[in-house]
Structures are given as structure tokens and as C-alpha cells.
Amino acid sequence: MSTLKDLAEAFQALSNENRLKILNQLREPHGYNEIMLAPTRDQDPHGSPNRTISRQAVRKHIKKLAEHDLVAPTNHEGNKNQYVVNHARLFALFEQARNLASNEPTIPPQRYTLDLQDPHPPPAPTKPHLALAKGVQEGRTFPLDQETTLIGRDSNADVPLTYDAFTSTRHARILKQDDTHLLHDLPENKNGTTLNWRPLKKGATAPLTPGDAIGIGRSLLIYRA
């Protein structure tokens with residue numbers, strides 16, 4: 001777990017508009033020369049439409065992000081000079097920052113309401129599925145049309161929670177039994193599995209009913225049938 005000092009330093013590294021833009025581009029592997037970034041208004045008050053920041057500046061920004069493990073080098077297609085965002089690191093940092101929000105203030109803060117960025121999520125499928133309620137890409141659904149559905153950090157899992165460093169590579173399974181489903185905790189996982197916020201015993205299996213909340217690492221999945 002990151003210390004508060006580590007958290008503060010990581011957020012300091014993120015407190016730069018250009019670095020945030022770079023993170024968005026690094027959702028896919030890119031090299032220094034592939035990142036095209038317009039300067040901020042402070043850097044270019046006249047807003048020249050065709051101007052981009054220098055490759056040297058891009059390199060410095062990526063180096064700063066890499067110092068805090070926010071991006072990582074990748075050998076994508078044999079290119080060692082490419083970088084990609086470290087989803088697991090970002091998720092863990094924001095989970096720690098989220099814990100700070102649980103500290104209730106003794107004096108009520110000023111109340112105001114923010115606008116929702118996406119108030120209209122896509123409709124849920126009609127067949128049995130898991131819906132991601134907490135994690136990255138919340139609202140994403142995973143069908144349960146196989147005899148067994150693997151949940152884990154492995155990118156090849158049926159429910160891949162690749163961003164969640166608190167999730168084991170092979171964490172749990174959903175087993176299909178006639179018209180119902182069962183949740184099975186894989187005993188080799190590190191942090192256990194919860195069902196409706198209650199921990200399952202290692203290797204235990206429990207029946208699922210619609211609306212059940214499944215805790216995997218720091219992610220939360222809702223069972224719908």
C-alpha cells in the first residue's frame with residue numbers, strides 16, 4: 001500500500017495538464033515521437049493551431065510519470081522505447097485517495113451538486129451477466145453464458161479486472177448450474193472474495209441471487225439474471 005507521502009508525490013506528478021493529456025494518449029503504447037501534444041494556454045497564449053510541444057518536453061513529462069510508476073515501458077511489437085499507462089497503479093492511488101473521502105468533517109462543508117458527465121449508461125443485457133459497479137469502466141457487463149466464468153487480473157480471464165492490483169490473476173469463478181449460478185472462491189487468490197460484503201471461506205461456493213454484490217479485490221460486480 002502506498003504511503004501518504006507517496007500519494008502526495010504521485011498526485012504532484014499528475015498536477016500538470018500536459019502529463020494528464022499524455023496519460024490519455026498512453027492508453028495504447030506510444031513512443032516519444034508518436035505523442036503529439038499542443039501546448040497549454042500558459043505556454044502558448046496565442047494558441048497557434050499547428051504548434052506542438054517538443055519531443056524533449058514530452059520525454060521529460062514521461063520520465064516524471066515513470067518515476068512514480070504511473071506509466072511503464074513496454075516491448076510492444078519489439079519496441080522498447082514505447083510506454084503505456086499503468087492502470088493498476090492509478091487505480092490503487094485513487095483508491096487510497098478515495099479512503100480519505102470517508103473521513104467525515106466535524107463541520108458540514110458547503111453543499112453543491114456537480115453535473116454528471118454520462119447520465120445515460122447503456123441498457124443492461126437481458127441474459128444473466130455481471131455488471132461492474134465499482135472499478136474502471138463502471139457499467140461494463142460480462143455475460144454468464146458459459147459453464148464456468150473466470151474472474152481475475154489475467155487479461156485472458158472472462159471477467160478481466162486487469163487494472164485492480166488487489167485482485168489475483170485467477171481469483172474466482174462463476175459456475176452455471178441449470179438455471180442458476182454459483183460463486184466459487186479460488187483458494188489460491190490472495191485477498192479473498194466477498195458476497196454481499198461478507199467474506200467467503202477459502203475455496204467455498206455460494207449460490208447467487210439477482211442483485212448480489214460480489215467483491216473481488218477493490219472491484220465490485222453485481223449479479224443480474
Side-chain angles (χ1 to χ4, degrees), residues 1-44 48 50-100 117 132 134-140 142 150-172 186 188-191 216-221:
M1 178 63 67
S2 303
T3 63
L4 288 177
K5 180 181 178 182
D6 179 47
L7 181 68
E9 291 176 348
F11 274 101
Q12 186 176 18
L14 290 170
S15 63
N16 180 287
E17 184 179 350
N18 280 332
R19 289 176 200 151
L20 294 177
K21 290 178 179 178
I22 288 173
L23 284 179
N24 271 325
Q25 294 194 35
L26 291 181
R27 287 179 291 181
E28 297 291 337
H30 283 86
Y32 300 122
N33 60 338
E34 297 174 305
I35 294 177
M36 308 299 292
L37 204 63
T40 63
R41 179 72 58 155
D42 292 339
Q43 295 169 326
D44 186 11
S48 304
N50 298 321
R51 185 182 171 192
T52 59
I53 67 173
S54 68
R55 189 179 305 177
Q56 182 181 9
V58 170
R59 187 186 297 268
K60 287 182 178 179
H61 284 310
I62 292 180
K63 181 180 179 181
K64 187 68 174 180
L65 292 169
E67 285 176 2
H68 297 279
D69 204 23
L70 298 166
V71 299
T74 175
N75 290 328
H76 181 69
E77 296 180 352
N79 191 336
K80 296 182 179 180
N81 296 319
Q82 290 188 327
Y83 285 79
V84 69
V85 65
N86 187 343
H87 280 166
R89 166 69 166 160
L90 282 172
F91 184 75
L93 285 171
F94 281 96
E95 275 298 291
Q96 187 177 4
R98 181 178 176 273
N99 287 339
L100 296 176
Q117 293 184 352
L132 185 63
K134 179 189 171 189
V136 174
Q137 294 183 327
E138 292 169 354
R140 183 182 177 186
F142 306 91
L150 176 64
I151 307 171
R153 194 158 42 87
D154 191 335
S155 60
N156 293 319
D158 303 301
V159 182
L161 305 177
T162 54
Y163 60 85
D164 193 342
F166 304 93
T167 296
S168 295
T169 306
R170 296 167 57 86
H171 201 106
L186 294 176
E188 63 266 29
N189 79 60
K190 183 177 181 179
N191 292 320
I216 306 288
R218 288 296 180 88
S219 302
L220 189 67
L221 297 155

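We count residues from 1, following the sequence as given.
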Please report the interatomic distance NE2(His68) to NZ(Lys63), rounded to the nearest 0.5 Å.
11.5 Å
What heavy-atom pair brings Ala172 and Ile216 nearest, and what distance separates the two atoms?
CB-CD1, 4.0 Å
Residues Gln25 and Leu37: closest non-hydrogen pair is NE2-CD1, 3.7 Å
For atom CD of Glu138, decide whether the heavy atoms of other residues, nucleotides or ligands shown that lie under 6.0 angstrom number more than 12.
yes
Is it the case that Arg59 places NZ or CZ above or below the six-membered ring of Tyr32, under 6.0 angstrom from the centre and within 45 degrees of the axis?
yes
Main-chain N/O of Glu28 paired to His30 side chain as donor or acceptor, under 3.5 Å:
yes
Taking His171 for the side chain and Ser168 for the main chain, is one N or O donor matched with an acceptor at less than 3.5 Å?
yes
Side chains of Glu188 and Thr169, heavy atoms from C-beta outward: is any pair under 4.5 Å?
no
Are the side chain of Asp158 and the backbone N or O of Leu150 linked by a donor-acceptor pair below 3.5 Å?
yes
CG of Leu132 to CZ of Phe142: how many Å apart, nearest 0.5 Å?
5.5 Å
Would a 4.5 Å heavy-atom cut-off, applied to side chains only, mark Leu70 and Asn86 as touching?
no
Gap between atom CG of Asn156 and atom CZ of Arg170 - 0.5 Å precision:
10.5 Å
Test: Lys21 and Glu17 ion pair at under 4.0 Å
yes
Steps toward side-chain contact (heavy atoms from CB on, under 4.5 Å) verdict (Asp6, Gln96):
CA-CA 11 Å; Asp6 179 47; Gln96 187 177 4; 5.7 Å; no
Ala66 meets the side chain to side chain contact (heavy atoms under 4.5 Å, CB included) criterion, sequence neighbours left out, with Val71, Tyr83
The criterion is side chain to side chain contact (heavy atoms under 4.5 Å, CB included); which residues satisfy it with Ala57, sequence neighbours excluded?
Ile53, Ser54
Between His61 and Asn16, is any pair of side-chain heavy atoms under 4.5 Å apart?
yes
Does atom CD (Gln12) have a neighbourhood of more than 12 heavy atoms from anything else shown, all under 6.0 Å?
no
Residues Asp154 and Pro160: closest non-hydrogen pair is O-CB, 3.6 Å
Euclidean distance, Ile62 CD1 relative to Leu23 CG, rounded to 0.5 Å
9.5 Å
Hey, are the side chains of Lys134 and Arg98 touching, using non-hydrogen atoms and a 4.5 Å cut-off?
yes
Within a strict 4.5 Å, meaning less than it, do heavy atoms of the Leu26 and Ile35 side chains meet?
yes
Is there a side-chain contact between Thr52 and Val58 in this structure, where contact means two heavy atoms from C-beta onward sitting under 4.5 Å apart?
no
Main-chain N/O of Gly135 paired with Arg140 side-chain donor or acceptor, under 3.5 Å:
no
Please enumerate all residues that pass side chain to side chain contact (heavy atoms under 4.5 Å, CB included) together with Lys60, with sequence neighbours excluded.
Gln56
Polar side chain donor-acceptor pair, Glu34 to Gln82, under 3.5 angstrom
yes
Between Leu221 and Ile151, is any pair of side-chain heavy atoms under 4.5 Å apart?
yes
Do Asp164 and Arg153 have side chains that get closer than 4.5 Å, going by heavy atoms?
no
Go through Thr167 and Asn191 one step at a time and tell me if the side-chain contact (heavy atoms from CB on, under 4.5 Å) criterion holds.
CA-CA 7 Å; Thr167 296; Asn191 292 320; over 6 Å; no
